[in-house]
Number of protein chains: 2
Amino acid sequence: MNISEVSKKYSIPIDTLRYYEKEGLIPPVHRTESGLRDYSEQDCGWVEFIKCMRGAGLSIDTLRQYITLYGKGNRTLQKRKNLLIAERDKLKMRIDEMQHTLARLNGKIETYEERIVACEKELLKKRKSK
Amino acid sequence: MNISEVSKKYSIPIDTLRYYEKEGLIPPVHRTESGLRDYSEQDCGWVEFIKCMRGAGLSIDTLRQYITLYGKGNRTLQKRKNLLIAERDKLKMRIDEMQHTLARLNGKIETYEERIVACEKELLKKRKSK
DNA sequence: TTAAATGCTGGAGTTAGCTCTAAGTCAAGC
DNA sequence: GCTTGACTTAGAGCTAACTCCAGCATTTAA
């Protein structure tokens, strides 16, 4: 799979795919003889994983650390687990905060609905009294 | 209330408070005769609102638009409501995505736990066989 | 077999959102 | 009155995360 196919498949710009690899967010992608990227199943898996994690707000730096640990093999299992736990906990807190804000927005929208209805009534009254 | 008190109260850096005001995220704050900021209850309310919305990921630009509409009075009620609905919907989607990622992280953490246990067993075996 | 499209790299440029600096003003304690 | 620390502004600087560009190589369609 060449880079533009991967780009389409995951809706990630080509430049971003190269950037992620350059920054070590993805283990080096397999290449053809002439040096063109040729994504394997596993390479695609990494792309998808990174897309998902970035979407949830994990930083480039954190993900680079994770991949670096991954590259060091089994002796980093515990460290990787700890990193994931820390990120999971942060994510949980962000979701919590966002849910509160969601509720607040919903409340605000309701208030606006009431105010708009009240405004319209006011307008009708004025028209009738003319 | 002066700027450093507000900064402490909401855990927002002083520079950020000034920046928000400069960018029009907060209606102009009341001043003392000599020109120092003197936050009223309402000013504080805005600060808190902006903090909450920024925390949920609403952009500076979006919030500026909202405040601009607010400044134009009642005839922008419908527009403000529509803006809030659009942001609410985006927020919902972000939360949804993040919840999927949270579940995925939890799954991954469990897998790590199993792998770590398996690794330890392996080590014990080796020690015994010595 | 040649033109057009696509790929490569290193490095510069961009954007959002702050964060800091300089140079000056104001306020509170001695 | 003077010093010290907090406040003011305009504008520069910073960081994360891309995004674009130049200049060159490779692949593909005509």
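Note on naming: letters A, B, ... go to the chains in the order of the sequence lines (proteins, then strands), and numbering restarts at 1 for each one. Just so you know, these numbers use all the heavy atoms, side chains as well, and skip hydrogens, waters and symmetry mates.
- Atom CD1 of B/Ile14 is separated from atom P of D/dT9 by 13 Å (rounded to the nearest Å).
- Along DNA chain D, the nucleotide nearest B/Ile3 and the nucleotide nearest A/Ile60 are compared for position; the residue whose nucleotide lies closer to the 5' end is B/Ile3.
- The NZ atom of B/Lys22 sits 11 Å away from the P atom of D/dA12 (whole-angstrom rounding).
- Hydrophobic clustering (ILVMFWY, side-chain heavy atoms < 4.5 Å, transitive): B/Val29 and B/Leu36 are in distinct clusters.
- For B/Ser11, the side chain to side chain contact (heavy atoms under 4.5 Å, CB included) test picks out B/Lys51, with sequence neighbours left out.
- Atom CG in A/Asn2 sits roughly 12 Å away from atom C1' in D/dT26 (whole-Å rounding).
- Computed from coordinates, the A/Tyr20 OH to D/dC18 C1' distance equals 8 Å when rounded to whole Å.
- Heavy-atom distances under 4.0 Å link DNA chain C to no residue of residues 44-53 of chain B.
- Spacing between atom CZ of A/Arg37 and atom P of D/dT26 amounts to 15 Å, rounded to whole angstrom units.
- Rounded to whole angstrom, the span from the CD atom of B/Glu5 across to the C1' atom of C/dA27 amounts to 14 Å.
- For residues 90-100 of chain B, the side chain to side chain donor-acceptor pair (under 3.5 Å) pairs, not counting sequence neighbours, are B/Glu87-B/Lys90.
- Distance A/Glu23 CD to D/dT19 P: 14 Å, rounded to the nearest Å.
- The interatomic distance linking B/Asp15 (CG) with C/dT21 (P) rounds to 10 Å, in whole Å.
- Side-chain rings of B/Trp46 and B/Tyr70 approach one another, their centers coming within less than 6.0 Å.
- With A/Glu120 contributing its side chain and A/Val117 its backbone, the two residues share no donor-acceptor pair below 3.5 Å.
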